[in-house]
Amino acid sequence: MTWQQVLLLSCLSAMVLLSSVKPKIFMQESDASNFLKRRSKRSPKSRAEVNVENRQKLRADELRREYYEEQRNEFENFVEEQKDEQEERSREAVEQWRQWHYDGLYPSYLYNRHRI
């Protein structure tokens with residue numbers, strides 16, 4: 001058999017199978033309208049169920065807020081540590097530069113510091 005014959009045979013067999021089986025996958029219009037009617041007849045949630053759902057949502061919001069606050073605090077601490085380290089490196093570099101370029105004619109810059 002050639003590939004064309006195999007393709008034709010498989011298409012025919014698929015068509016026969018699909019036509020013989022009642023399609024339950026697709027909803028008929030009457031089924032869709034019945035579904036909507038049944039859905040609208042559901043009983044509303046009780047007050048207790050609504051309260052439980054609201055408490056769960058509030059708890060989830062609180063946990064989310066705490067998590068993001070903790071993340072923000074950790075990041076702020078990290079940034080502050082980085083800034084302090086940079087200031088210390090900068091201060092050390094300036095101090096080394098001043099010591100290297102001090103020519104001995106004037107009092108050391110250490111004596112000219114303003115006391116705060």
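For reference, positions follow the sequence shown, starting with 1.
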- [ ] Would you please name every residue forming a side chain to side chain contact (heavy atoms under 4.5 Å, CB included) with E88, sequence neighbours left out?
- [x] R91, E92
TODO: Apply side-chain hydrogen bond (donor to acceptor under 3.5 Å, both in side chains) to E49 and list each qualifying residue two or more places apart in sequence or on a separate chain.
DONE: none
List the atom pairs, donor and acceptor, that lie under 3.5 Å between side-chain atoms in residues 56-76 and the rest of the protein, sequence neighbours left out.
{"residue": "D61", "atom": "OD1", "partner": "R64", "partner atom": "NH1", "Å": "2.8"}
{"residue": "N73", "atom": "ND2", "partner": "E69", "partner atom": "O", "Å": "3.4"}

Open item on the list: With ring pair (Phe, Tyr, Trp, His ring centres under 6.0 Å) as the rule and sequence neighbours excluded, what pairs involving residues 78-97 come up?
Closed with: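 Output for this query lists W97-H101.
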Task: Heavy-atom side-chain contact between R89 and Q86 under 4.5 Å - done: yes
TODO: Could you tell me whether the side chain of L8 reaches within less than 4.5 Å of the side chain of Q4, counting heavy atoms only?
DONE: no
Open item on the list: Nearest 0.5 Å, please: how far is CD in E87 from CD in E85?
Closed with: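 That separation rounds to 11.0 Å.
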Open item on the list: Return the OG to CD distance between S90 and E95, rounded to the nearest 0.5 Å.
Closed with: 11.5 Å
